[in-house]
There are 2 protein chains.
Amino acid sequence: MEKIKTYIEKNRERFLDELFEMLKMPSVSADPAQKDNIRKTAEYVREKLEEAGADTAELCETEGYPVVYAEKIIDSKLPTVLVYGHYDVQPPDPLDLWETPPFEPVIKKTAEHPEGAIFARGSCDDKGQLYMHVKAFELMMNTGSLPCNIKFMIEGEEEVGSEHLESFVKANRERLSADVVLISDTAMISMEHPSIETGLRGMAYMEVEVRGPNRDLHSGVYGGAVANPVNILCRMIASLHDENNRIAIPGFYEDVAELSAAERQELNKAPFDEAAYRKDLDIKAVWGEKGYTSIERTGIRPTLDVNGIWGGYTGEGAKTVLPSRAHAKISMRLVPNQQSKKIEKLFQEHFEKIAPEGVRVTVKALHGGEAVVTPTDSLAYKAASKALEEAFGKQPIPTRGGGSIPIVALFEKELDVKTVLLGFGLDSDNLHSPNEKYGLFNFYKGIETIPLFYKHYAEMSKEA
Amino acid sequence: MEKIKTYIEKNRERFLDELFEMLKMPSVSADPAQKDNIRKTAEYVREKLEEAGADTAELCETEGYPVVYAEKIIDSKLPTVLVYGHYDVQPPDPLDLWETPPFEPVIKKTAEHPEGAIFARGSCDDKGQLYMHVKAFELMMNTGSLPCNIKFMIEGEEEVGSEHLESFVKANRERLSADVVLISDTAMISMEHPSIETGLRGMAYMEVEVRGPNRDLHSGVYGGAVANPVNILCRMIASLHDENNRIAIPGFYEDVAELSAAERQELNKAPFDEAAYRKDLDIKAVWGEKGYTSIERTGIRPTLDVNGIWGGYTGEGAKTVLPSRAHAKISMRLVPNQQSKKIEKLFQEHFEKIAPEGVRVTVKALHGGEAVVTPTDSLAYKAASKALEEAFGKQPIPTRGGGSIPIVALFEKELDVKTVLLGFGLDSDNLHSPNEKYGLFNFYKGIETIPLFYKHYAEMSKEA
């Protein structure tokens with residue numbers, strides 16, 4: 001423990017400078033214009049893993065962006081940890097809401113981050129968190145304390161659905177084989193309440209187009225006699241929820257894994273301050289499916305959210321047009337036992353079915369992934385729990401995360417290996433939003449906790 | 001009649017060249033960037049009226065864009081015709097749907113326009129139609145056949161609600177006094193069916209904003225527990241129509257002037273080929289308020305159309321964001337006896353009332369105007385009817401137009417003078433749409449018809 005703290009103290013500044021350098025690279029995987037910057041970022045990660053002491057550190061080409069793979073095998077008889085992370089980031093828009101440019105990292109103090117936080121796109125999701133693993137690896141190498149084998153698989157398409165990862169994993173089963181997958185791409189409740197996410201939601205992301213007349217029309221000449229695609233799209237979207245805010249797509253809940261009363265009670269033990277939650281978001285009331293708490297609504301219940309909508313005239317002033325087309329991006333978060341492919345199909349069939357005769361509808365699935373539940377009785381979970389307890393002086397609480405990391409289900413399916421979600425971010429860190437941030441405390445605490453995980457995991461494996 | 005045709009033949013090319021020059025000026029009143037081009041267009045119209053033989057032709061400044069005023073008083077004892085038109089045009093977007101650039105006029109032959117049509121923004125609405133009056137005036141001056149006094153009032157803010165026209169009219173009552181207002185800014189049924197619009201719809205144009213959380217959120221972390229402003233906006237917009245496509249705003253129909261069965265029967269005598277209508281728009285079915293025909297839905301019934309909607313991520317690919325805000329532009333076409341100010345108020349109160357607790361709503365009225373009905377028993381109407389019959393060899397049909405020309409109501413209120421809507425466009429001319437066009441036949445036929453109107457109007461006034 002002392003050895004770890006000393007090493008971090010000695011290299012504090014350098015760790016941060018290296019992370020800043022990576023944060024300056026706009027590796028937005030959704031934006032084709034950033035192609036070169038994304039490769040540059042991959043190469044940077046590769047280089048840092050090599051410097052940290054990996055035997056192998058290379059860029060593995062895929063049909064999309066390359067996967068950075070690195071490994072350090074100290075003894076094939078010892079257990080192996082596979083670290084997953086992603087070097088791509090979400091698009092920064094809306095740019096005008098950023099207080100400082102998204103790719104010019106700066107440190108600012110905030111209420112939740114009195115020691116200061118790094119403001120930049122990707123600071124928390126996931127560059128800042130994956131870099132903790134790179135530096136913890138360096139630390140263990142340079143202090144001769146790496147107790148087991150380690151593999152890194154850092155991808156560049158997580159924010160666009162990891163389209164090419166499945167084929168990569170299938171093609172590299174041997175190479176990626178491990179005893180546990182370790183991922184830091186999630187949040188903990190707060191600095192006072194360390195937690196481990198034991199579940200993630202899946203996702204089905206759709207894009208729809210509603211086409212009316214073959215051209216934009218004068219709303220005076222045609223208005224009232226021709227179906228307006230925007231009005232129709234609004235009507236169709238509105239009909240996707242019922243009066244209890246349940247999703248009204250036939251069969252949508254068919255496979256949902258319902259939790260027992262006991263499990264729900266356990267879940268709701270996690271501290272949740274609704275007043276603070278509302279204040280942080282500046283909303284008068286929370287919202288959601290009738291009969292469930294906010295923790296349950298984001299943790300164990302599926303959702304349907306419009307992520308974007310556009311159609312007609314959106315410029316200055318008034319244009320009296322009856323638009324020809326309307327579009328929306330609609331994503332559904334799924335829970336364990338729902339299958340994204342089936343949900344995509346249900347959505348598409350239903351959406352086409354409810355389209356009135358006056359319009360034509362196109363539905364396209366952009367990407368999907370499955371929900372997962374991670375075990376809380378595994379050695380790896382216990383080791384993570386012990387490591388957090390040692391670092392934070394408090395036993396971590398198991399929680400259900402609302403986000404999606406499709407790769408976790410993929411690892412179970414293809415590599416038959418379970419994952420531990422050792423996240424150090426905060427939900428309030430503006431992931432996917434303007435002014436994304438990551439606490440300095442969280443960053444260094446992560447680098448301190450990770451070697452403890454390896455230590456306990458190796459020891460427990462020996463005893464087992 | 002011969003004199004008219006000969007003059008038009010002799011000057012055919014020049015008339016067109018002059019119109020093209022005006023069409024090349026992007027006088028988009030909704031776009032502040034076009035400020036200078038709008039003034040240039042006003043000056044061009046002024047100059048042409050002066051050249052045509054006006055005693056006075058000047059730009060009258062307003063708080064917005066100038067009004068072009070011109071007059072030729074031949075005898076104060078003779079009746080006076082006030083010609084109204086507008087030199088501003090609608091925004092051209094979406095630009096990518098134009099086959100040729102909106103401000104580079106070209107002649108192309110089409111099915112409805114075998115002699116060719118002028119493709120350009122404003123070719124029909126309203127530069128092409130107002131220029132017929134400028135050239136008809138020139139014709140009457142150069143052939144010594146102007147039988148009464150004539151005044152021109154050509155504004156530059158019609159497409160953005162004629163905001164400053166009311167104060168201008170009030171300040172110039174004397175100067176604008178006339179016996180009839182003549183406007184060519186509407187359509188006729190077809191070249192085979194000349195018609196005169198005897199009514200116009202009013203308008204209430206609103207912009208709404210729905211605000212949820214104070215920042216864009218991660219749809220996984222918060223989705224399901226926080227009201228999504230886009231979903232909510234869709235729900236609110238959908239609720240504005242009931243299952244019979246009637247507008248569900250309390251009190252909305254209170255003042256609607258209902259037509260008698262006889263009047264409705266008369267109205268539906270106008271030729272309407274639904275199959276051709278659907279084919280032209282490429283729609284499988286028409287749409288609208290239950291219990292009314294397409295002619296009635298656009299002529300005598302009010303509407304509510306979303307003209308534009310936007311919110312969240314609208315770029316390439318998938319961004320899993322729960323947006324902070326959603327916006328829409330919503331306009332209502334009004335019918336005689338409804339008051340735009342009252343409707344704006346009803347809309348605002350209702351929209352604020354139906355907003356759920358999880359969001360905040362802002363409603364803003366962008367502009368409004370009143371519906372009008374023009375008399376069919378006036379000398380001016382009879383003169384227009386006779387002129388069309390002479391020019392087209394067929395008696396014109398009275399119709400109800402779906403568009404709005406707020407100025408007509410203003411003239412009645414402030415100048416106590418009625419209007420004749422002598423329109424030569426076609427509904428299919430893509431007004432307010434990409435590829436707006438105006439038939440060469442229509443353009444020259446208008447120049448031929450207008451002097452006939454003056455002739456008959458002067459004669460009938462003498463007899464009266």
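Chain identifiers are assigned alphabetically (A, B, ...) following the order of the sequence lines, protein sequences preceding nucleic acid strands; residue numbering begins at 1 within each chain. Reckoned from all heavy atoms, side chains included, excluding hydrogens, waters and symmetry mates.
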Using non-hydrogen atoms and a 4.5 Å limit, figure out which bit of [X] sits close to chain A: side chain, backbone, both or neither.
X        : value
B:Met236 : neither
B:Leu97  : neither
B:Arg301 : neither
B:Ser433 : both
B:Thr314 : both
B:Tyr292 : neither

Handout entry: Under 3.5 Å side-chain donor-acceptor pair for B:His432 and A:Thr320
Key = yes
Practice task
Indicate yes or no for a side-chain donor-acceptor contact from B:Lys319 to the backbone of A:Val160 under 3.5 Å, with no hydrogens or angles considered.
Solution key: no
Practice task
Please confirm whether the backbone N or O of B:Asp305 pairs with a side-chain atom of A:Asn231, one donor and one acceptor, at under 3.5 Å?
Solution key: no
Exercise for the section: Please collect all salt bridge (charged side-chain N to carboxylate O under 4.0 Å, His left out) contacts where either partner lies in residues 211-230 of chain A, sequence neighbours excluded, each pair once. Expected result: A:Glu209-A:Arg211, A:Arg215-B:Asp280
Practice task
For residues 226-248 of chain B, pull every pair meeting salt bridge (charged side-chain N to carboxylate O under 4.0 Å, His left out), keeping only residues two or more places apart or in separate chains.
Solution key: B:Arg246-B:Glu289
Handout entry: Electrostatic pair B:Asp282-A:Arg360, nearest N-O below 4.0 angstrom
Key = yes
Practice task
Identify which of A:Pro356, A:Ser404, A:Ala318 forms the greatest number of heavy-atom pairs closer than 4.5 Å to chain B.
Solution key: A:Ala318
